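Single-structure report; data block below.
Just so it is clear, the model here is predicted, and its values are computed rather than measured.
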Protein chains: 2
Amino acid sequence: MIQTSPIDSVMRALADPTRRAVFERIARADEINVAELTRVSGVTQGAVSQHLKSLKLAGLVAERPQGRNVFYRARPEGLAPLFDWLSHYDLFWRDRFADLRSLLKEIDP
Amino acid sequence: MIQTSPIDSVMRALADPTRRAVFERIARADEINVAELTRVSGVTQGAVSQHLKSLKLAGLVAERPQGRNVFYRARPEGLAPLFDWLSHYDLFWRDRFADLRSLLKEIDP
DNA sequence: GACTCATATTAGTTTACGCTAATGCATTAG
DNA sequence: CTAATGCATTAGCGTAAACTAATATGAGTC
């Protein structure tokens, strides 16, 4: 695979459990700095910064430098490729399988 | 990371572009055998079988052996962890995007 | 200016992953 | 029975990826 499409980078970014956990932590917070992220991540600060770079390149997070801190926040639009990818199969599933609504009901009744 | 949760295996399975393409090809077809999958995949038959194994372990596909052929079909329920994960952020998106439920309404009002 | 503090970056190591080529194992065909 | 077909599995290779440790950068502090 030569080119890297948005869905590629988003999927890849979220595939790693540690990195996904970092993203989840950011999403739960309004804004959060690297030190706080590092505290819960279980890896070194350097590793966290690398994960943040990946997430940023995937469009999943944005940064706001303030003094010597850098605050990160989630970019929900960054998940659009994932939504699109899933919705692409919506029609398909509706015809042949239990539709997505029942699935959603199970998840969030 | 020691344990591997459903969301882990699903994400990881879909992260690789080649493997994701294999899944998409299966999803488009009703059923499809390995030879046909190999034809479009761009990799060898052995590689395809390995990808199929990953997808199967992730719960994304099911197999139906028939003679010396093995037909694969998509398991939409296998995507539930992904839906679950996304729905967790539904509230976050609701203001800016159509949420999953409205997406479904468009398809099947 | 010297010294922290917060984060980014780099180098180097280890592990995981995807791939090919080869082989194994059934099943069907002749 | 022998050969061919379809798929799975294995060994081995190359590369990518995640991590640590160390260092660089840059902003506040004294």
Is any side-chain N or O of [X] closer than 4.0 Å to OP1 or OP2 of [N]?
X	N	value
B:Thr38	D:dC7	no
A:Ser49	C:dT9	no
B:Asn69	D:dT5	no
B:Arg19	C:dG18	yes
B:Asn33	D:dC7	yes
B:Thr44	C:dT20	yes
B:Arg12	C:dC17	yes
B:Tyr72	D:dG6	no
B:His51	C:dC17	no

Return the nearest nucleotide to the side chain of B:Lys53; candidates are C:dT27, D:dT9, C:dA6.
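Side chain of B:Lys53 sits closest to D:dT9.
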Considering only D:dA8, D:dC19, C:dG18, which nucleotide approaches the side chain of A:Thr18 most closely?
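The nucleotide sitting nearest to the side chain is D:dC19.
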Quick check: on DNA chain C, is the nucleotide nearest B:Gln45 upstream (toward 5') of the one nearest B:Ser54, or the reverse? Name the residue that is more 5'.
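In this pair, the answer is B:Ser54.
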Starting from the 5' end of DNA chain C, give me the residue, A:Arg68 or A:Glu63, whose nearest nucleotide shows up first.
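It is A:Arg68, whose closest nucleotide lies nearer the 5' terminus.
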Send over the distance from [X] [atom1] to [N] [atom2], rounded to a whole Å.
X	N	atom1	atom2	value
A:Lys56	C:dT7	NZ	P	13 Å
B:Glu31	D:dC7	CD	P	12 Å
A:Ile32	C:dA6	CD1	P	14 Å
A:Asp16	D:dA16	CG	C1'	13 Å
B:Leu52	D:dG6	CG	C1'	13 Å
B:Asp8	C:dC17	CG	C1'	16 Å
B:Leu57	D:dA8	CG	P	12 Å
B:Met11	C:dC17	CE	P	16 Å

Scan [X] against the nucleic acid and name what it touches under 4.0 Å (heavy atoms): base, sugar-phosphate only, or nothing.
X	result
A:Phe71	nothing
A:Ala47	base
B:Gly67	sugar-phosphate

Considering all heavy atoms of both residues, which atom of B:Val10 and which atom of B:Pro81 are nearest to each other, and what is their separation?
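That would be CG2-CG, 4.0 Å.
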Residues A:Ser49 and A:Gln45: side-chain donor-acceptor under 3.5 angstrom
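A pair is found: one side chain offers a donor N or O, the other an acceptor, under 3.5 Å apart.
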Do B:Trp85 and B:Met11 touch side chain to side chain, with heavy atoms closer than 4.5 Å?
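In contact.
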Taking only Lys NZ, Arg NE, NH1 and NH2, and the carboxylate oxygens of Asp or Glu, determine whether A:Arg12 and B:Asp16 approach each other closer than 4.0 Å.
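Salt bridge absent between A:Arg12 and B:Asp16.
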Ion pair B:Glu36/B:Arg25, N-O distance below 4.0 Å:
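The answer is yes: the pair qualifies as a salt bridge.
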Please determine whether any donor N or O and acceptor N or O are separated by less than 3.5 Å between the side chain of A:Gln50 and the base of C:dT10.
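Per atom types, the contact qualifies.
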Please determine whether any donor N or O and acceptor N or O are separated by less than 3.5 Å between the side chain of B:Gln66 and the base of C:dT27.
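No, no donor-acceptor pair under 3.5 Å.
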State yes or no: do B:Phe71 and B:Leu60 share one hydrophobic cluster built from I, L, V, M, F, W and Y residues joined by side-chain heavy-atom distances below 4.5 Å, directly or via other members?
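Each belongs to a different hydrophobic cluster.
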